[in-house]
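Protein chains get the first letters and strands the later ones, always in sequence-line order, with residue 1 at the start of each.
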Amino acid sequence: MAWTREEMAARAAKELRDGYYVNLGIGIPTLVSNYIPDGMTVQLQSENGMLGMGPFPYEGDEDPDLINAGKQTITELPTTSYFSSADSFAMIRGGHIDLSILGAMQVAENGDLANWMIPGKMIKGMGGAMDLVAGVKKVVVLMEHVAKEEKKLLKRCTLPLTGAGVVNMVITDLGVFTVGKDGMTAIEIAPHVTREEISAKTEASLRFADNLVQH
Amino acid sequence: MAWTREEMAARAAKELRDGYYVNLGIGIPTLVSNYIPDGMTVQLQSENGMLGMGPFPYEGDEDPDLINAGKQTITELPTTSYFSSADSFAMIRGGHIDLSILGAMQVAENGDLANWMIPGKMIKGMGGAMDLVAGVKKVVVLMEHVAKEEKKLLKRCTLPLTGAGVVNMVITDLGVFTVGKDGMTAIEIAPHVTREEISAKTEASLRFADNLVQH
Amino acid sequence: MAKVYSDATSALAGLLKDDMVIMAGGFGLCGIPSLLIKAIRETGVKNLTIISNNAGVDGEGLGLLLETRQVKKMISSYVGENKTFAQQYLAGELEIEFNPQGTLAERIRAGGAGIPAFYTKTGVGTLIAQGKDEREFNGEKYVMETGLLADLAVVHAWKGDTEGNLVYRKSARNFNPMMATAGKVTVAQVEHLVECGTIDPDHIITPGIFVQRIIHAAGLEKKIEQRTVRQRA
Amino acid sequence: MAKVYSDATSALAGLLKDDMVIMAGGFGLCGIPSLLIKAIRETGVKNLTIISNNAGVDGEGLGLLLETRQVKKMISSYVGENKTFAQQYLAGELEIEFNPQGTLAERIRAGGAGIPAFYTKTGVGTLIAQGKDEREFNGEKYVMETGLLADLAVVHAWKGDTEGNLVYRKSARNFNPMMATAGKVTVAQVEHLVECGTIDPDHIITPGIFVQRIIHAAGLEKKIEQRTVRQRA
């Protein structure tokens, strides 16, 4: 039984540590903020120029000057600071953010990531994704294991890259995979999912960890 | 009759224009601020991180957090802003300061400037001088024409350079000299000083302007 | 040197010409110089190269200049929310140069700071690095990116004084401070125009030296692109 | 993750080792992390490379570490006011690398911003450019300078909150904000330690992400290097 989006987000939240500064991408990654354990302090960075991002405002409290990188209205916290886009990406590029959780179209066994363009389709741009994957200490991809019958964990990405050799971990609906110098390793499998199913749905060379956790 | 230090500063002040942002070096250049014409607005930059530098404080009002680049206590004005050293030199390097007036040991006819070290003597460092001469739109040197019998307006500087081809104008106790692609040109001479005296005290190839002003 | 102008049109007088490069602050519709963009549209100036993180939306922000086909080229990081943009781009009528957002921000800062080029890890091994110099530092590959300058920068701030000192409000700061430093001329619209000495000099983000002209954008209507809320308990 | 420590000694515990690189904020004696420097002296850690615009004066600031010969090398722009420095330097006991002040400031900012190198006009055609890469952009020569990082940065701020957000006062800001970004660990002394939410988030200069440890420097005595005054009329 594959994990739901919520379960995937909950699993990603286990990568958080007390005191971490974290950047969450748009989509499933945004849900991770709902699973920060009680008593753990995590500051969320929004790359348009804010550290210490709060939840959505109550209706009527929306402020046009207070949005996140997804252009959604948000709120501030007692810890919040604001800064320019140059300072924001100096923070990102300089390796000060501990963890980035973001979506992807493809991830290769060498850590290559593709998530910004499909040749032949209208290109919207990479936004801050290339900076985030190049600069953040640990990059976790949160995505469906397979999309529209297309495998997404590949030997080599076929789409134009967002970053080369940048992914540290992939969490899909089927399992959790680390990416390192020795390639891609399955370390956890979702309940009732088999090794055979994962192998069949993965193009990348995949090792199963000795201490693999079958949920 | 050579100009006094005060007269040199007053002459340098004629290079100011309304709305200018100006950086004044230590020594005679500091005196220029006393000669800003009434009704003219000039903002003084202090490269340690301040724009809109005010006069010295009244006794008892000194603030250890408020000093200029010469480490002297100063005051702020209604126009004042503070910023970091990185932002201060971004302002300087980026060509946003209109005019820098500073002292020198030697100036060459090609605009080279030497004012930071004498080989064999204790080197104190260049501070912000190299950035100022490289970045500011117009560089005016204010110095004695001759020091201890040594000529200072030279064909080539013999001391290590602060900047290469950076000086636009030199004001000495004997006259005013422009420096351009066509070399060094005397445009004004102090009262009772002769062309012969200036030539004798100048090693640089010197042209006398057709419209030379004999004060 | 009076910097205060009565309105956007007079503040832009003499500054616009065809084929020029304009930087426009803002992220999405947040912190955009909306009045100045409208005034640029009214002059009909054309063949503009616009440096801005986004391209507005239909009928708002830079979308207004796209509608009238005044834009030749955009230098942006993300242009997703604009149908006019998509149509013109797909028809080959609009050029676009995509920059990673942080690279774009840093290129503008570099331009204003007198730095002609710098190295970054961002984009190494991607299309973005193609045709650009690469160099290793401490065993890692970096790509060289160049500084950006503009003939004109238009920015939005929360408060400004008559000397041109600016402060920004919350995430409306975004690209405005760097762009203010990188325009040969910078024009600012401010929601609150105050006398010099009113803003604490430790709080000023953009010193007045970077701002040549300033207008009071009184009673400005600011748009929200994505209104997201939570329910009261 | 509690960032607040009771004093300078405990805030530095575990962070110091011989031969390390330390950045110290301040310009002259203005905005220097005086308590943290004293605590470094007390540990006796040695062979330090110190990156700081100046070297203090005799008996104050970094002068204290020079007296005890804990410093192997300084990277500075100006070291004029220090007899101990001059003696050790002339005796060949102290290394110095002079950087133009703006280049030093930018190298530190670059280090913290993940930029391994950048180009500047400053120093072209001088001793400073010797042995460095030069390159032309738009027909002008520039020299390549590299980013600087430190094992530890010690900084001084006016106010800080328990999250490590910092604000600075007047010209005491100087090198402190960049250094806070360029230390693997950054320790801040603040004259006023306040609760989170007390400082307006638009006024924060150093976001707390850059500050790992913070101490309250209560009743700090701040020195004036050159007391210049004018007469009351």
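- A:Asn115 CG to A:Met126 CE: the interatomic distance, rounded to the nearest 0.5 Å, is 10.5 Å.
- For C:Tyr89, the part lying under 4.5 angstrom from a heavy atom of chain A is the side chain only.
- Using a 4.5 Å cut-off between heavy atoms, A:Ile67 contacts chain C through both its backbone and its side chain.
- With chain A as the partner, the residue from C:Ala172, C:Ala105, C:Gly80, C:Ser77 showing the most heavy-atom pairs under 4.5 Å is C:Ser77.
- Aromatic pair C:Phe27/C:Phe175: centroids not less than 6.0 angstrom apart.
- Between chain A and the options C:Glu106, C:Lys121, C:Arg232, C:Lys222, heavy-atom pairs under 4.5 Å are most frequent for C:Arg232.
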Q) What's the verdict on side-chain hydrogen bond (donor to acceptor under 3.5 Å, both in side chains) for A:Lys138 and A:Ser100, showing C-alpha distance, side-chain angles and the deciding distance? A) CA-CA 6 Å; A:Lys138 181 171 180 175; A:Ser100 171; over 6 Å; no
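- Neither the backbone nor the side chain of A:Met50 comes within less than 4.5 Å of any heavy atom in chain C.
- Between the CE atom of C:Met23 and the CG atom of C:Leu104 there is a distance of 8.0 Å, given to the nearest 0.5 Å.
- Looking at C:Val187 and C:Gln212, their side chains never come closer than 4.5 Å, going by heavy atoms from C-beta outward.
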Q | side-chain contact (heavy atoms from CB on, under 4.5 Å) between C:Lys72 and C:Leu94, worked out | A | CA-CA 5 Å; C:Lys72 181 181 68 181; C:Leu94 188 60; over 6 Å; no
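- With a threshold of 4.5 angstrom between heavy atoms, A:Ile123 approaches chain C through its backbone and through its side chain.
- A:Ser46 does not touch chain C: none of its heavy atoms, backbone or side chain, sits under 4.5 Å away.
- Residue with the most contacts toward chain A among C:Ile128, C:Leu29, C:Ile108, C:Asn176: C:Ile128 (heavy-atom pairs, distance under 4.5 Å).
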Q: Would you sort out whether C:Thr181 and C:Arg109 count as a side-chain hydrogen bond (donor to acceptor under 3.5 Å, both in side chains), showing the intermediate values?
A: CA-CA 7 Å; C:Thr181 72; C:Arg109 185 212 173 252; over 6 Å; no
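- Remark: C:Gln231 CD is loosely packed, at most 12 non-hydrogen atoms of other residues, nucleotides or ligands lying under 6.0 Å away.
- The most heavy-atom pairs under 4.5 Å with chain A, out of C:Gln226, C:Lys170, C:Lys141, C:Arg173, come from C:Lys170.
- Looking at A:Asp87, neither its backbone nor its side chain comes within 4.5 Å of chain C, counting heavy atoms on both sides.
- For the options C:Ala129, C:Gly125, C:Gly102, C:Gly123, heavy-atom pairs under 4.5 Å to chain A are most numerous at C:Gly102.
- When the candidates C:Gly28, C:Cys30, C:Ala55 are compared by the number of heavy-atom contacts under 4.5 Å with chain A, C:Cys30 comes out ahead.
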